[in-house]
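Take a look at the structure set out below.
Just so you know, these numbers use all the heavy atoms, side chains as well, and skip hydrogens, waters and symmetry mates. Per chain, numbering begins at 1; letters A, B, ... match sequence-line order.
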Amino acid sequence: MKVATYNVNGVNGRLPVLLRWLDEAEPDIVCLQELKSPDERFPIEAIREAGYDAIWHGQKSWNGVAILSRVGEIHETRRGLPGDPDDSHSRYIEAAVRGIIVGGLYLPNGNPRPGPKFDYKLRWFDRLIAHAGELIGTGLPIILAGDFNVMPTERDVYKPERWLDDALFAPEVRAAYFRLLDQGWTDALRALHPDETIYTFWDYFRNAYARNAGLRIDHLLLSPALAGRLRSAGVDAHVRGWEKTSDHAPVWIELSDRPSRRRKAKEPA
DNA sequence: ATGCCTAATGCAATTAGA
């Protein structure tokens, strides 16, 4: 099974690119971020025609997350993170699909730092860590996928020294990311490619894609019950070179089939 | 420190992105 995450940066403006990529990559489950669309303008008909069912949590102009599936019913388990009833941003949606819990997230950018937006990012991260702790405690197979707006290490940014004061690379944000991982999550891309330069975002500015001046900020995290099923992982970086494309590229993993339940040995009579 | 580019809103210029 192939599971992907893609920050589309406007699901309506990006619809031709999204459909082209779905057709080419054939992912089974997809988490989308930055829909930038109110719920009633989500392009569900075009997505159904492409063979996918979907659930989504939109919002006018900003944010917005969705989960697509072509392999089975999407049983929504949550929209919005617990811990702050006043949080109006659409940044989290969660569902059970084919026996896997999929949490699709769009973590706040947090710039400028310091400031209220950075404080919001840290608070949102704390709420994510709390919820992720509850999830991983169930022992279920779980994927947390999305735009985390964090480069975890120096390897994940083309010029680390220029990003030290940025909300995407600040020490307290990276520390939060590793507090999350320390619960037992596997960073799928890094686990399979420990030494590679891997980017998932290239700024529209300064010809960043052509210079490969990128960042790795879109991640797929696997709970222990799933980590053993990880077979391959990658970034569809070429999509970033398409016309009218997002500033992010799709990121994906392949999971082996659910391990068949071990047959109980016959008890001696 | 700011612009560089892009989307959404809504029709100019602002906000936000990262």
Quiz item: Between residues 150-157 of chain A and DNA chain B, which residues have a heavy-atom gap below 4.0 Å?
Solution: none
Quiz item: Looking for any heavy atom pair under 4.0 Å, which part of the strands does N63(A) touch: base, sugar-phosphate only, or nothing?
Solution: nothing
Quiz prompt | Touch class at under 4.0 angstrom, heavy-atom based, for R162(A) against every strand present | solution = nothing
Self-check item: Atom P, compared across dA12(B) and dT2(B): separation rounded to whole Å
Solution: 27 Å
Self-check item: Lys/Arg N to Asp/Glu carboxylate O, D156(A) vs R190(A), below 4.0 Å
Solution: yes
Quiz item: Using a heavy-atom distance cut-off of less than 4.0 Å, which residues of residues 241-250 of chain A contact DNA chain B?
Solution: K244(A), H248(A)
Self-check item: Lys/Arg-Asp/Glu bridge criterion (N-O < 4.0 Å) met for R127(A), D87(A)
Solution: yes
Quiz item: Can you give the first and last nucleotides of DNA chain B, 5' to 3', that have an atom under 4.0 Å from a heavy atom of chain A?
Solution: dG3(B) to dA18(B)
Practice problem: Mind checking ring-ring contact (aromatic ring centres under 6.0 Å, His included) for W185(A) and listing every partner two or more places apart, or none if nothing turns up? | Solution: none
Quiz item: If you look at every strand shown and take non-hydrogen atoms under 4.0 Å, does Y106(A) touch a base, only sugar-phosphate, or nothing?
Solution: sugar-phosphate
Quiz item: Hey, does the Lys NZ or Arg CZ of R174(A) hover above the aromatic six-ring of F169(A), less than 6.0 Å from the centre and inside 45° of the axis?
Solution: yes
Practice problem: With DNA chain B as reference, determine whether L168(A) or L35(A) sits nearer its 5' end, using the nearest nucleotide of each. | Solution: L35(A)
N/O donor-acceptor pairs under 3.5 Å from side chains in residues 130-139 of chain A, not counting sequence neighbours:
unit_1: H131(A); atom_1: NE2; unit_2: E94(A); atom_2: OE1; d: 2.7
unit_1: T138(A); atom_1: OG1; unit_2: L135(A); atom_2: O; d: 2.6
unit_1: T138(A); atom_1: OG1; unit_2: L140(A); atom_2: N; d: 3.2

Exercise. Examine distances only and state if a side-chain atom of H219(A) and a backbone atom of V150(A) form a donor-acceptor pair shorter than 3.5 Å.
Key: yes
Self-check item: Earlier contact from the 5' end, DNA chain B, for R14(A) and N7(A)
Solution: R14(A)
Self-check item: Between dG10(B) and dC5(B) - P atom distance, rounded Å
Solution: 25 Å
Quiz item: In whole Å, what separates the P atom of dC4(B) from that of dT14(B)?
Solution: 14 Å
Exercise. Tell me what D147(A) touches on the nucleic acid: a base, only sugar-phosphate, or nothing, going by heavy atoms under 4.0 Å.
Key: sugar-phosphate
Quiz item: Any side-chain donor-acceptor pair under 3.5 Å between E34(A) and N7(A)?
Solution: yes
Practice problem: Validate the cation-pi geometry between R91(A) and Y106(A): distance from NZ or CZ to the six-membered ring centre under 6.0 Å, angle to the ring axis within 45°. | Solution: yes
Quiz item: Take atom CD in E40(A); do more than 12 heavy atoms of anything else shown fall under 6.0 Å from it?
Solution: yes
Practice problem: Pick base, sugar-phosphate or nothing for K117(A), based on heavy-atom distances below 4.0 Å to the nucleic acid. | Solution: sugar-phosphate
Quiz item: Do any pairs count as a salt bridge (charged side-chain N to carboxylate O under 4.0 Å, His left out) and have a residue in residues 60-72 of chain A, sequence neighbours left out, and if so which ones?
Solution: D28(A)-R70(A)
Quiz prompt | R48(A)/D53(A) salt bridge by N-O under 4.0 Å criterion | solution = yes
Quiz prompt | Integer angstrom distance from the P of dA1(B) to that of dC11(B) | solution = 34 Å
